[in-house]
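Worth knowing before you read on, the calculation uses all heavy atoms, side chains too, and leaves out hydrogens, waters and symmetry mates. Atoms within a ligand are numbered from 1 in the order they appear, just like the ligands themselves.
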Amino acid sequence: MASKLELLPAVDVRDGQAVRLVHGESGTETSYGSPLQAALAWQGAGAEWLHLVDLDAAFGTGDNRDLVAEVTRAMDIKVELSGGIRDDASLAKALATGCTRVNLGTAALETPEWVAKVIAEHGDRIAVGLDVRGTTLKGRGWTRDGGDLYETLERLDKEGCARYVVTDIAKDGTLQGPNLELLRNVCAATDRPVVASGGVSSLDDLRAIAELVPLGVEGSIVGKALYAKAFTLEEALEAVS
Ligand SMILES: O=C(O)c1ccccc1NCC(=O)[C@H](O)[C@H](O)COP(=O)(O)O
């Protein structure tokens, strides 16, 4: 088990731009310019990871796959790719970017046999995103109900899933603080590492997530707080070191 919390600054891409959404809802975008520039800025500030999301692929409104591949290839750091990876073709393209791992969401809810197969084939390069409202999972860009969190977690654990990226959609992009209770509950239900996502607003939030490392929280994605300049990435890395 890692002793220090990993931080994954986020670059979410919509229509070729780095954006932030509120509750992951299409139409709530604030634009922050070039995804490559944003990613390079996080790398330059000392990030060891980048969380890179193709929102159009997640929503089914097109894709930014070539751009996402270009950004991934330009990085010297580890990249977690998310958004619309749902079949052999999209998975092959994502893995071919050289990313460290991919994050499957909708596929884990809609095509569980395929997900079990790719977990068996790719092991640690596959994470599953558990994106919830309450304890109901959401797929298709967080727009469609996809079953119960804990039932799905039990199934994925049995299939050998290596790690989970857990997002409370009600918190995502709101700067209202992470859902620590959800993270504790998920850690109690699985022995796999958990990456926290959604709602981080302050260095104290990151310190509170870091206190969950002994329970199984391995990392935290940070989006809006960095773009809103609530703190710098350097300060965040220092706070969890
Ligand atoms: O990750 C996805 O596939 C996704 C799909 C649809 C809407 C949003 C999606 N991801 C958003 C993120 O991963 C955010 O970058 C992350 O939760 C950061 O949240 P915050 O720190 O609250 O800005």
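Within ligand 1, the atoms closer than 4.0 Å to a non-hydrogen atom of G198 are 17 (O), 19 (O), 22 (O), numbered from 1 in the order shown. The distance from ligand 1 to the heavy atoms of A58 drops below 4.0 Å at these ligand atoms: 5 (C). Counting atoms of ligand 1 from 1 in the listed order, those under 4.0 Å from a heavy atom of I221 are 16 (C), 18 (C). Of all the atoms in ligand 1, the ones that sit under 4.0 Å from a non-hydrogen atom of D172 are 14 (C), 16 (C), 17 (O), 18 (C), 19 (O), 22 (O). Proximity to A10 (heavy-atom distance under 4.0 Å) selects the following atoms of ligand 1: 15 (O). Residue contact check: K224 has heavy atoms under 4.0 Å from atoms 20 (P), 21 (O), 23 (O) of ligand 1.
Nearest protein heavy-atom neighbour of atom 21 (O) of ligand 1: G223 N, 2.9 Å. The closest protein non-hydrogen atom to atom 9 (C) of ligand 1 is W142 CZ2, 3.3 Å. For atom 16 (C) of ligand 1, the nearest protein heavy atom (residue, atom name, distance) is S197 OG, 3.2 Å. Looking at atom 1 (O) of ligand 1, its nearest protein heavy atom turns out to be S82 OG, 3.2 Å. For atom 18 (C) of ligand 1, the closest heavy atom belonging to the protein is R20 NH2, 3.3 Å. Of the protein's non-hydrogen atoms, the one nearest atom 13 (O) of ligand 1 is H51 NE2, 2.8 Å.
Residues R207 and E211 are not paired through a salt bridge, judged by the lack of any N-O separation under 4.0 Å between the basic side chain and the carboxylate. Ionic pairing of E110 and R86 is not present here: no N-O contact between side-chain nitrogen and carboxylate oxygen is shorter than 4.0 angstrom. Comment: D168 does not engage R133 in a salt bridge, judged by the lack of any side-chain N to carboxylate O separation of less than 4.0 angstrom. Salt bridge K93/D66: present, at least one basic N to carboxylate O contact under 4.0 Å. Ionic pairing of E159 and R155 is present here: one or more N-O contacts between side-chain nitrogen and carboxylate oxygen are shorter than 4.0 angstrom.
Proximity of a side-chain donor or acceptor of N64 to a complementary backbone N or O of L67 within less than 3.5 Å is not detected. Formation of a donor-acceptor pair under 3.5 Å by the T28 side chain with backbone atoms of V22 is found in this model. Of the possible donor and acceptor atoms, none in the side chain of H51 sits under 3.5 Å from a partner among the backbone N and O of I221. Between the Q43 side chain and the D76 main chain, a donor and an acceptor come within less than 3.5 Å of each other.
Cation-pi contact between R101 and W49: present, with separation from the ring centre below 6.0 Å and deviation from the ring axis of at most 45°.
Within the 4.0 Å heavy-atom shell around ligand 1 one finds G173. The shortest heavy-atom distance from G199 to ligand 1 is under 4.0 Å.
Counting heavy atoms closer than 4.0 Å to ligand 1, residue D12 contributes side-chain atoms (C-beta onward) but none from N, CA, C or O. The side chain of L55, and not its backbone, has at least one atom closer than 4.0 Å to an atom of ligand 1 (non-hydrogen atoms only; side chain from C-beta on).
Taking any N or O of T174, backbone or side chain, none lies under 3.5 Å from an N or O belonging to ligand 1.
Y227 and V53 fall into different hydrophobic clusters, where Ile, Leu, Val, Met, Phe, Trp and Tyr residues are linked whenever their side-chain heavy atoms come under 4.5 Å apart, directly or through other members.
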